[in-house]
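So the structure is just underneath, and the comments pick up after that.
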Amino acid sequence: MIHHANHIRPKVDRIKVGGHQASSASMVQIITALYFSALRPEDRVAVKPHASPVFHAMQYLMGNQTREQLEAFRGLGGAQSYPSRTKDKDDVDFSTGSVGLGVAVTSFASIVQDYIQAKTWGADVPLGRMVALVGDAELDEGNVYEALQEGWKNDLRNCWWIIDYNRQSLDGIVREGLFERIEKMFAVFGWDVVRVKHGALQRAAFEEPGGTKLRDWIDACSNQEYSALTFMGGAVWRERLMNDLGDQGDVSALIDRRSDGELADLMENLGGNCTATMAETFASIDHDHPTCFLAYTIKGWGTPIAGHKDNHGGLMTKGQFAEWQQHMGVAEGEEWEPFATIEDVDAFKAFLDEVPFFTKGTRRLKDDKISVPKVAPPKDKTLSTQAAFGKILDDLAKGDSALAARIVTTSPDVTGTTNLGPWVNRRKLFARKDQLDAFIEHKIPSTAKWVFAPEGQHIELGIAEMNLFLLLAASGLSHSLFGKRLIPIGTLYDPFVNRGLDALNYACYQDARFIVVGTPSGVTLAPEGGAHQSIGTPLIGMSQDGLSAFEPAFADELAVIMEWAFEYLQRDGEAVLNERTWLRDETGGSVYLRLTTNPIEQIGTRADDAFRQGAIDGAYWLKKPGPNCEVVIAYQGAVAPEAIKAAGILGEGRRDIGVLAVTSADRLNSGWLAAQRARSRGNREARSHIERLFEALPRGCHLVTAIDGHPTTLSWLGAVAGHPTIPLGVEHFGQTGTIGDLYDHFGIDAARIVDRVEGLTAGRKLSESVRATIGS
């Protein structure tokens, strides 16, 4: 374990934290000053990925991490390579890993904090700072700048981003002059920028005769030169400074007064590598404006590989490590002793006991579960699932349930076109201060009543899907971060799930809880063309951990699923497998709804338990197959009318046809795989929901699967019991046209379904008179 000495307060000589990566070494002083001086219990921090060793060591020092976990760092069951809320056992506020996301999520967490405190039920929440420790290379990520703009629009406050400006990325040195662009960018969006370039040693030296010349040389030195000179050490520093500054009396004397080691310490004493400087800088901030600290550091500071451009993946040799351990004063055998090198252990412990951030222990908060009222489906005879979604939310908005009060909706500039309009008109948009709608003020008729107010329950975003999922991540963790539960619902056009996929995965990895609605979806969007027609999103829903994906066809299915989802979001039980479905439903998770704009004829009121439970579990028999069933048509989503029509036509020539309504290929597949694992472990009676649905089907029965999406979504159904399968769906980019034209083009209309069955299976063929009715 690596140890660093850091002066924090006069009464404490040294504090040690550790890690084994060069990036960690450059963050030691920043983290020390932040956690042991600046932070309060209500503050939350996203620690940059490569600083995880320092973070874990700090938690070990404070008793929140175990030696066993640290010794297994990067191993199975050990402390994670990157801080993780779900995998680590110590006090991680935000997971980090995919660079840029942990940075941006803090700004959305601050917005969520303001949202909660503006409500009567959240006014008691203490305002904390949302802090991100940022690698300078993370500023190459576009989502960081998308978040900056969104923060400006939402009057961001109480947010600190601390940039570890070591000027090195994985592959080389950061481009010269980057800090000037960074400062301008932050200033444009209303952030205060604090440059922390020089440590206490350097500032003291600048006050000596000749110090101004030394400062000018340091400020003019290029990033590459500074890194290279740091790696080469004190003697090379001396030679270079004397060559560049020459024999100039006072500055030469300043250099000569220091040994090679002292000169190296001086030249490497940048602001971010100086605990006292960082602590003083943090303490000087007495406002809630968003603030960016540009903290200059040496990557790998304090180690033999400091400054080398290859040090990101560099490891010290055993000899180097032994020499360094001796230099740090850690005796052999005391590498894991938390208080090694500390002379006055009692005073040190007394100091740690008083550190504000740690006084309340770990800070995983909780909130009571919210009761879920009955969700009734709309009564319309013809309706799309997107419209049904809007009507269900509008019905909730009319009421005064506890659930409705905790729902927060959001959308990236598609609020109206994803049917959130009625909800927003009743529940308003959120802003910390009231904002007037000029159209209302001037009495101009409009269907959108855009009223911004602190009590508003919709957060309108710009058209950036990464921001949507980061806001869902932050609001979906509100119960844990702030002790107040939210029910977040976000909508976006379904194909653009792909644009925010990294942030969606990030949100799920943290176990954030939310509902995301992808709509409109598929080639059913027809006239919009291929750019807006999704194909692979059902497969994303199936493969994304922590997300249960549904694609209902009818409004009553959607109502059942949404009622279940509101409760499912709030579960936090053990990972116990339900022997009915073999799903880990007790743990809960997030929910993805894939909806469409195509109005279809509704089936009517269905309230039986088999239907309700089947809609939740993933499938039910819309038409139960007979004992001699030759064909089963299994469909998911908007193609329901085509599947039902095809079944009716095929029934003229095929026996006992069945129609399987699949509402969630994701849950069916997950349960099937889990039941297989259970059987392999000795539970021979384990049967999943889909296996029970298929258990009476004759072996020779053919399955035809149909979906407005990639056919692989349902094609696996044939493997459940070995039935021959004909998978239909969309494999290529769409185009403009009518729904009928596109369904025909991609082979997912009733006529094409019939053609596939007729052409690929043996059996009685349809008469010409029956075939003539297909297009009618």
Side-chain angles (χ1 to χ4, degrees), residues 31 34-36 39-47 49 51-52 55-66 68-70 77-80 82-97 101-102 105-106 108-110 112-113 115-117 121-122 124-133 158 352-353 355-370 406 470-488 506-514 545-546 568-576 584 586-590:
I31 288 180
L34 184 67
Y35 278 90
F36 292 93
L39 295 180
R40 303 155 297 172
E42 58 267 27
D43 297 331
R44 299 286 176 171
V45 187
V47 177
S52 66
F55 174 80
H56 291 312
M58 175 188 65
Q59 296 289 341
Y60 176 58
L61 177 67
M62 298 308 298
N64 300 327
Q65 179 61 279
T66 66
E68 291 73 23
Q69 285 271 298
L70 279 185
Q80 297 294 296
Y82 307 141
S84 170
R85 283 183 58 87
T86 54
K87 306 295 183 183
D88 277 316
K89 294 183 179 179
D90 46 12
D91 201 18
V92 178
D93 291 322
F94 300 99
S95 299
T96 53
L101 298 181
V105 76
T106 57
F108 292 102
S110 184
V112 170
Q113 179 179 239
Y115 175 93
I116 290 171
Q117 202 191 51
W121 47 265
D124 60 334
V125 171
L127 287 177
R129 286 192 176 109
M130 303 296 112
V131 182
L133 297 173
N158 290 313
L352 294 180
D353 289 341
V355 174
F357 184 74
F358 296 99
T359 53
K360 295 185 179 180
T362 55
R363 297 152 309 112
R364 290 291 179 95
L365 306 179
K366 293 184 177 181
D367 195 15
D368 294 336
K369 292 183 178 180
I370 303 164
R406 295 297 184 96
L470 288 171
L471 178 56
L472 289 175
S475 54
L477 291 173
S478 63
H479 58 288
S480 179
L481 295 174
F482 308 117
K484 301 293 181 181
R485 189 180 301 279
L486 291 175
I487 305 295
Y506 173 72
C508 292
Y509 180 67
Q510 301 203 75
D511 196 27
R513 303 300 179 86
F514 53 87
D545 191 18
Y568 181 70
L569 263 58
Q570 304 180 66
R571 298 180 188 177
D572 58 359
E574 296 296 323
V576 177
R584 298 184 303 170
E586 291 307 307
T587 63
S590 292

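We number each residue from 1, following the sequence as shown. Please read these numbers as outputs of a predicted model, since none were measured by experiment.
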Begin with the C-alpha distance, continue with both residues' side-chain angles, and end with the deciding distance and a verdict on side-chain contact (heavy atoms from CB on, under 4.5 Å) for F482 and S475. CA-CA 10 Å; F482 308 117; S475 54; over 6 Å; no

Heavy-atom count check: over 12 atoms from other residues, nucleotides or ligands less than 6.0 Å from R363 CZ?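 Check passes, neighbour count above 12.
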
Over all atoms of both residues, closest heavy-atom pair of [X] and [Y]:
X: A79; Y: L70; answer: CB-CD2, 4.5 Å
X: A46; Y: T96; answer: CB-CG2, 4.2 Å
X: A473; Y: A507; answer: CB-CB, 3.5 Å
X: L127; Y: N158; answer: CD1-ND2, 4.0 Å
X: L365; Y: L481; answer: CD1-O, 3.5 Å
X: K87; Y: S84; answer: N-OG, 3.0 Å

Between Q69 (side chain only) and G77 (backbone N and O only), is there a donor and an acceptor less than 3.5 Å apart?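 Yes, Q69 side chain to G77 backbone: donor-acceptor pair under 3.5 Å.
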
Residues passing the salt bridge (Lys or Arg N to Asp or Glu O under 4.0 Å) test with D43, sequence neighbours excluded, are R40

Sequence neighbours left out, what passes salt bridge (Lys or Arg N to Asp or Glu O under 4.0 Å) with D511? Give chain and number order.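 Residues passing salt bridge (Lys or Arg N to Asp or Glu O under 4.0 Å) with D511: R513.
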
Walk me through it: do S95 and Y82 pass the test side-chain hydrogen bond (donor to acceptor under 3.5 Å, both in side chains)? CA-CA 8 Å; S95 299; Y82 307 141; over 6 Å; no

Give, for atom [atom1] of [X] and atom [atom2] of [Y], the distance between the pair rounded to the nearest 0.5 Å.
X: Q570; Y: D368; atom1: CD; atom2: CG; value: 10.0 Å
X: F94; Y: Y506; atom1: CZ; atom2: OH; value: 7.0 Å
X: M58; Y: F357; atom1: CE; atom2: CZ; value: 7.0 Å
X: Q80; Y: T86; atom1: CD; atom2: OG1; value: 7.5 Å
X: L472; Y: L477; atom1: CG; atom2: CG; value: 10.5 Å
X: Q65; Y: K89; atom1: CD; atom2: NZ; value: 8.5 Å

Any chance you could lay out the side-chain contact (heavy atoms from CB on, under 4.5 Å) test for I116 and W121, step after step, and finish with the verdict? CA-CA 8 Å; I116 290 171; W121 47 265; 3.9 Å; yes

In plain terms, say whether R485 and D367 are close enough for a salt bridge, that is, a side-chain N and a carboxylate O under 4.0 Å apart.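 No, R485 and D367 are not salt-bridged.
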
Tell me which one of R44, Q510, R85 satisfies side-chain hydrogen bond (donor to acceptor under 3.5 Å, both in side chains) with D93.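 Exactly one pass, corresponding to R44.
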
Test side-chain contact (heavy atoms from CB on, under 4.5 Å) applied to Y115 and L486, step by step: CA-CA 10 Å; Y115 175 93; L486 291 175; 3.8 Å; yes

Is there side-chain contact between [X] and [Y], with at least one heavy-atom pair below 4.5 Å?
X: V45; Y: F55; answer: no
X: M62; Y: D90; answer: no
X: P41; Y: T359; answer: yes

How would you list, by chain and number, every residue that makes a side chain to side chain donor-acceptor pair (under 3.5 Å) with N64, sequence neighbours excluded? Q59

For F358 and F36, take the angle between the two ring planes, folded into 0 to 90°, and tell me which bin it lands in: parallel under 30, tilted 30 to 60, perpendicular over 60. tilted

Go through it in stages, so that I can follow the logic: the residues are D124 and K484, the test is side-chain contact (heavy atoms from CB on, under 4.5 Å), and I'd like the CA-CA distance, side-chain angles, deciding distance and then a yes or no. CA-CA 10 Å; D124 60 334; K484 301 293 181 181; 3.4 Å; yes

